[in-house]
Asks: 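Here you go, one structure.
Excluded from the calculations below are hydrogen atoms, water molecules and symmetry mates; all remaining heavy atoms, backbone and side chain alike, are included.
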Amino acid sequence: DEMPEFSLEKRLRLEREAAGYFVSVDPFDFYRELTKQLKARPAADIRKSDIGRNAFIVGYIDAQETEGPLISESTVAALDCEGTIVRVARGARSCIGPSLACEGPVLMGAIGRRREKDLYWEVWTIHSMDDVWRLARQVERIILDPAGLDERRAREIADLLKSYRGTTKVVLDRTRGEAPRAGKIDGASTLFCPPVHLGLLAHLPASQIRILDGEGHAPKLPEAAILE
């Protein structure tokens with residue numbers, strides 16, 4: 001009989017349960033090239049210029065706490081990411097579940113904050129790198145309905161798609177109307193990933209974004225738990 005295929009995250013979890021550590025591979029080796037494509041940085045890499053700005057950071061969650069001096073009306077959890085403490089904002093989206101448990105590395109969208117002399121990341125979205133890798137390979141087409149899209153938003157979408165290089169094709173549903181500067185969107189190639197997906201959702205409602213795999217089906221996206 002053939003052995004069942006497991007996702008990387010499940011295989012790593014089984015290895016850790018059986019041996020107490022990862023046996024077959026350093027999980028992050030799978031994601032080094034993807035991390036470059038995502039323009040993601042280590043959690044420890046935070047600068048004064050990051051204050052008030054969004055970025056994507058990557059790393060392992062080694063420990064977490066939901067009680068203590070770092071927990072407040074605005075912070076629901078504090079995560080130890082390889083020696084760097086990041087704070088998870090209340091209302092953040094967790095695609096690794098409400099328990100914030102993940103054996104492999106995670107991708108986090110965060111904004112730089114400063115409190116007195118301390119700089120830290122405030123996290124607003126969390127994704128398993130296993131899911132990011134899987135969907136980047138699986139999603140082949142994004143169909144956008146440009147209805148109601150103005151010139152500014154069309155330009156920002158074109159810039160977003162160009163910033164993340166990949167093989168996912170973006171096409172416009174022209175039966176729904178035209179949009180200013182839409183030509184720079186139609187036929188573009190991009191990397192399907194949380195920065196692109198969330199960036200599109202900032203400009204268009206979800207009903208105007210169709211995500212398809214190679215067979216023309218909508219792939220299963222991770223459900224997001226809202227942390228309160």
Asks: Are D131 and K220 ion-paired here, with the side-chain N under 4.0 Å from a carboxylate O?
Replies: no
Asks: If you round to the nearest 0.5 Å, how far is CG of L221 from CZ of R134?
Replies: 8.0 Å
Asks: Decide side-chain hydrogen bond (donor to acceptor under 3.5 Å, both in side chains) for S74 and R90; before the verdict, give the C-alpha distance in whole Å, the side-chain angles of both, and the deciding distance to 0.1 Å.
Replies: CA-CA 5 Å; S74 61; R90 291 191 185 275; over 6 Å; no
Asks: Return yes if some donor-acceptor pair links the side-chain N/O of E140 with the main-chain N/O of G216 below 3.5 Å, else return no.
Replies: no
Asks: Is any side-chain heavy atom of I85 closer than 4.5 Å to one of L79?
Replies: no
Asks: Taking the side chain from T125 and the backbone from M108, do they hold a donor-acceptor pair closer than 3.5 Å?
Replies: no
Asks: Is it true that T75 and R87 share a donor-acceptor pair across their side chains at a distance under 3.5 Å?
Replies: no
Asks: Between F56 and K39, is there a cation-pi geometry (under 6.0 Å to ring centre, at most 45° from the normal)?
Replies: no
Asks: Assess the residue pair D50 and W121 against the criterion (side-chain contact (heavy atoms from CB on, under 4.5 Å)); give the C-alpha distance rounded to whole Å, side-chain angles, the decisive distance to 0.1 Å, and a yes or no.
Replies: CA-CA 9 Å; D50 293 318; W121 292 113; 3.7 Å; yes
Asks: Are L107 and L38 side-chain neighbours, meaning at least one heavy-atom pair lies under 4.5 Å?
Replies: yes
Asks: Run the side-chain contact (heavy atoms from CB on, under 4.5 Å) test on I211 and F192 for me, step by step, so that the C-alpha distance in whole Å, both residues' side-chain angles and the decisive distance to 0.1 Å come before the verdict.
Replies: CA-CA 9 Å; I211 299 166; F192 182 79; 3.6 Å; yes
Asks: Tell me, do I126 and C95 make a side-chain contact under 4.5 Å, heavy atoms counted?
Replies: no
Asks: Closest approach of V76 and A89, non-hydrogen atoms and distance?
Replies: CG1-O, 3.7 Å
Asks: Any chance the side chains of D130 and S128 put a donor and an acceptor closer than 3.5 Å?
Replies: no
Asks: Verify whether one side chain among W124 and N54 offers a donor that lies under 3.5 Å from an acceptor in the other.
Replies: yes
Asks: More than 12 foreign heavy atoms under 6.0 Å from CD of E223: is that the case here?
Replies: no
Asks: Applying side-chain contact (heavy atoms from CB on, under 4.5 Å), run through L144 and V171 and close with a yes or a no.
Replies: CA-CA 6 Å; L144 302 180; V171 297; over 6 Å; no
Asks: Are the side chain of D145 and the backbone N or O of D173 linked by a donor-acceptor pair below 3.5 Å?
Replies: no
Asks: Quick one: does D80's side chain get under 4.5 Å of I61's, heavy atoms only?
Replies: no
Asks: Show the numbers, then the answer: is there a side-chain contact (heavy atoms from CB on, under 4.5 Å) between D213 and V139?
Replies: CA-CA 4 Å; D213 62 19; V139 174; over 6 Å; no
Asks: Would you say the side-chain atoms of R153 pair up with the backbone N or O of H203, donor to acceptor, closer than 3.5 Å?
Replies: yes
Asks: Look at the side chain of D62 and the backbone N and O of E82, then say whether any donor-acceptor pair between them is shorter than 3.5 Å.
Replies: yes
Asks: Return yes if some donor-acceptor pair links the side-chain N/O of R41 with the main-chain N/O of D45 below 3.5 Å, else return no.
Replies: yes
Asks: Within the structure provided, determine whether T35 and M129 are in side-chain contact (heavy-atom separation under 4.5 Å).
Replies: yes
Asks: Quick one: are L100 and L227 in side-chain contact, heavy atoms under 4.5 Å?
Replies: yes
Asks: Can you name the nearest heavy-atom pair linking R93 to L198, along with the distance?
Replies: NH1-CD2, 3.7 Å
